[in-house]
Structures are given as C-alpha cells and as structure tokens.
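Residue numbers begin at 1 in each chain, while the letters A, B, ... track the order of the sequences.
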2 protein chains.
Amino acid sequence: MDESMFQQSGSAGSAVYQQLKQQIVSLELAPGTTLSEKETSLNFQVSRTPVRESFVRLAQEGLVWVLPQRGTRVSLIDSDMVEEARFMREQLEKAVIRLACEAFPADNLAALESNLEQQQESTQQHDGKKMFELDEAFHRILFEGCRKNGTWNVIQQMNAHLNRTRVLWLWTEPHWELLYEQHREIFLAVKQKNADHAEQIMKEHMQLSIANLPILKERFPEYFKSS
Amino acid sequence: MDESMFQQSGSAGSAVYQQLKQQIVSLELAPGTTLSEKETSLNFQVSRTPVRESFVRLAQEGLVWVLPQRGTRVSLIDSDMVEEARFMREQLEKAVIRLACEAFPADNLAALESNLEQQQESTQQHDGKKMFELDEAFHRILFEGCRKNGTWNVIQQMNAHLNRTRVLWLWTEPHWELLYEQHREIFLAVKQKNADHAEQIMKEHMQLSIANLPILKERFPEYFKSS
DNA sequence: AGTTCCATACTACCATACAAGTATGGTAGA
DNA sequence: TCTACCATACTTGTATGGTAGTATGGAACT
C-alpha cells in the first residue's frame, strides 16, 4: 500500500496531500480547523483541483470531514477510534514481535541497535520531535525485518487519531525515558529470541500509548469528539 | 472509517467509486484492465471530474494503478499483499474471537445464528454469491459484537487483494460446506465461551483463505503481479 | 529489409467557469 | 422588540478546455 507506487508523488495534488497530512498529524492544524478548498488553493498557489484531490484522500483516512456545501474541517480526535487503533496495533505488533523472535535479519537487527543509540541521544537532549520519529522508525524496522511492510503501511493509515493523541501527550508530559527502556528491552528480547518476554513488553508498550487519554481529553476538550 | 460519515454517498463521485470498486472486487473488471477517465466518464454519463475523484480513492486502496500521462489500470493481484492481508486478518480475528468468548451481546449472537441458517440454505442452493455476502456478514457481526467496527472497516479496506483471490477460488472450486462447518463451530465456541477452541478454528479458517493460492496463480497467471 | 523520425492520437493533470446548497446579516413588517 | 424573509457571500460539486507527457503507426531514409 505504498502510495508512491500508485500515485505520482511529484504531482501538485500529492504534494498538497502530503503537506496537509503532515500538518494535521503534527497538530499544526488543530482538530476542528476549517479548511476551504479556495483558501487552501491560494495558500499552496495551485488551483482547486489538486486541493480537492488531497481533500478526498484525507477524508478517506478520516483526517478531515467533508460536509457537502458547508465546508471541510480537520477531524476531531475520536476516542473510540484511538482505542481501536491501539487494539489493532497491539495485536499486530505482538504477532510481529513473535515472528521477529523466530527469525530476524542481521541487517535489521543492526538498524535497531543504531536506532536505539540515537534514541538515547535524543532522550538526553530532550528532543521530542526526533524521539517521535525514532519511535516510528523503530517499529517500522521490526515490521520490515519480518517482511510485513504492507501491514505497517496499513497501520500507519489508521493511526491518524492515535498519533495525534501521542503528539498531545508529548506536549503535556513527555516521558521518553520509559519508552526508550521498553524499546531496549524489546530489542534484547528479539536478540535473545525470547518471544514470550518480547510479547509481554510490547503489550505494555502499546497500552502505554493511551494510558492518559482521559487526562488529555480533560485538558484539550475542544480537540476531541464528544460522542 | 465508515466512508459515509465523511463523504456524501449520494454524490456522483462516490457513486462511481462504489460501482467501480464493486466491479473490481467481483472481478467483473479483470485485473489489468485499462480504465481511461474519458471512457469511464462516458460509461457513467458524468464528467471526468467525479471519475478522477473515484480513481484517486481507488488508487489509495491499491485497487487501481494510476500511471501519469499513460493510463489507469485495474491493479494486478499481488500475492505478497494477499498473504499480508491474511496475516493481518488472522491476528485481528483471533483477538476479536477471544473477546467474543468473554462477552458477546445476545442480539449479535442471535444475528449470528440467523446468519448461519441462511448460510445453510445458500450452501444447499449452491448460491455462491449469497454465501460470499453471508460470510462477510458473519465476520462483521463478530466485530460489531465486540465494538470493533472501526477495525472491521480497516480490514475491509485492505482486503481488496485477498477478496479477489477468494472470488477466483469461488470460480474454480467452491467448497462452502467446509466454510459453513467452520462458521458453525466458531458460533458454538462463542456460545460456550470456549476461547481456545474458537481461536484454533478461526486460525484454520483464515489459513484456508489462501490455501490454494499457488493453484490460482497457475490457472490465472495474467491476473497476478509477477514480482 | 531494417531503422529512424515524426505526426497523431491517446493519456492524466491542472485551471477555470458554472451550478447548487447553506450560513448569515440586514431589512421590512407586525 | 421580535419575527419572517431575502439578498449575499460563502461552501463543495460538476463540467469543460487546455497543457504536457507518452505510445503508436506510418513514412522516409539508410
């Protein structure tokens, strides 16, 4: 499901899509923000057509809501969806980590170790943005090592809501040290082929993602869907 | 991720999208078929704009490949993606069936039983199309009973390739009786809250989906991505 | 005969004009 | 003052013309 395989990433439409997606997931565009096609087309110096294309794609991922003849808004974070995303990811990550404990290419293992070193650095430097990226990369490497790239891409597509809560969390109370420790334990478990332990840590790791979702909802009520 | 929540399902663009998707998944439009914007717009009696919109959405789901300035084709079935879809689905269905064995609403349980009766009918009448729909519905009910509707919708999105192989399989050698028996066993296991047994049957059920993928590749080589 | 080149007929991509539905603010009337 | 109405300025949805890149077939040349 790598979109670059199907869609010309150099086209104006794809460029707008990628930028908007980045801005939405990073909360640069806050949940609930209105986005008109015309205004966006002026910002990006293109016509409405490629903007519309990007809106269609974002709508399909649940990142924006298109209300016909009324407007388009950055979607509010849906707590139920966040929980489901966590559920999905937990199941898939647990299964993948078990595969990794059976067999994992040396190259990818080295990549994990290198990634961990960078995580340590970024943690010490309190570089939250970098840590976020490294976190993503760490898990992607696990999937890639198990030849489950497509699965990872699907997860990414549905992680829009989950990722936004993680960014919010980063704003409030980052505790990257714990995440780093968990990553390190997962790495060691894979290296030692200790599947049961790896799965256990991964399970805790995933459940941490939404541990303080109620706090976030209380703190940023305007970003969440009431439901 | 219910698309009707975000996108006006009554619009021309969505209508074209839904029809094309149905035709592609049912193999009415064979993998590899070329689809030009203009030709499709003439077929559907609409302008190229809504057709383009539908192409964008189909491309994002991997159902068509858009080759800039060259054309648009119905995507070939990617065996690797089929296997990954099966993997994903196995993990998620196993997790859900365990949840169902812990707690499952009476309404949904009744719906399952009703669905099973219809399956028996359709099997006796050799109505493959109906059986396919009932199969889908059976699993959807399981997810709905566990409040995992969003998860089911995500699965649906990525099941394009897997579903097409299942349709192919239906053409060659339908053995709905076995599927019916498995569904029945799953139902009973949920009713008796026998999680281990339910998971085991579900695992076999999922692995059945691609049991004869090599045969299909040999029989319909032009439908598969060489890779 | 084989090869090169070019006219032509496609393709998707983009910009723009128009259509149709919706929110809003002001005005006329009670 | 309050209410009903309507003009207006938005919004997204749709149609269409033009642009640039690509495949193809035939003609001219070697």
Task: C:dG21 OP1/OP2 closer than 4.0 Å to side-chain N/O of A:Arg70 - done: no

Open item on the list: Main chain of B:Met131, side chain of B:Ser122: is a donor-acceptor contact present, judged purely on distance under 3.5 Å?
Closed with: no

TODO: Take atom OH of B:Tyr17 and atom C1' of D:dG13, then tell me their distance rounded to the nearest Å.
DONE: 19 Å

TODO: Name the residue closer to the 5' end of DNA chain C, choosing between B:Gly71 and B:Thr49 according to the nucleotide with the nearest heavy atom.
DONE: B:Gly71

TODO: Can you sort out which residues in residues 29-44 of chain A have a heavy atom within less than 4.0 Å of DNA chain D? Ascending by number, please.
DONE: A:Leu35, A:Ser36, A:Glu37

- [ ] Please state how far atom CG in B:Leu67 lies from atom C1' in D:dA20, giving the value in whole angstrom units.
- [x] 16 Å

- [ ] Find the distance B:Gln45:CD to D:dA15:C1' and express it as a whole number of Å.
- [x] 14 Å

TODO: Mark yes or no for whether A:Ser41, through its side chain, and A:Ser47, through its backbone, hold a donor-acceptor pair below 3.5 Å.
DONE: no

Task: Nearest-Å distance for atom pair CZ/C1', residues A:Arg52 and C:dA15 - done: 14 Å

- [ ] Starting at NZ of A:Lys203, measure out to NZ of A:Lys94 and round the result to the nearest 0.5 Å.
- [x] 5.0 Å

Task: Residues that A:Arg98 engages under salt bridge (Lys or Arg N to Asp or Glu O under 4.0 Å), provided they are two or more places apart - done: A:Asp196, A:Glu199

- [ ] Return the value, rounded to whole Å, for the distance between atom CD of B:Gln69 and atom P of D:dT22.
- [x] 7 Å

TODO: With the side chain of B:Val46 defined as its heavy atoms from C-beta on, choose the nearest nucleotide among C:dC13, D:dA15, C:dA15.
DONE: D:dA15

Task: Protein-nucleotide distance (A:Arg48, atom CZ; C:dA17, atom P), rounded to Å - done: 12 Å

Open item on the list: Could you check whether any side-chain heavy atom of B:Trp169 comes within less than 4.5 Å of a side-chain heavy atom of B:Ile215, counting everything from C-beta outward?
Closed with: no

TODO: Quick one: sort the A:His139 and A:His183 rings into parallel, tilted or perpendicular, breaks at 30° and 60°.
DONE: perpendicular

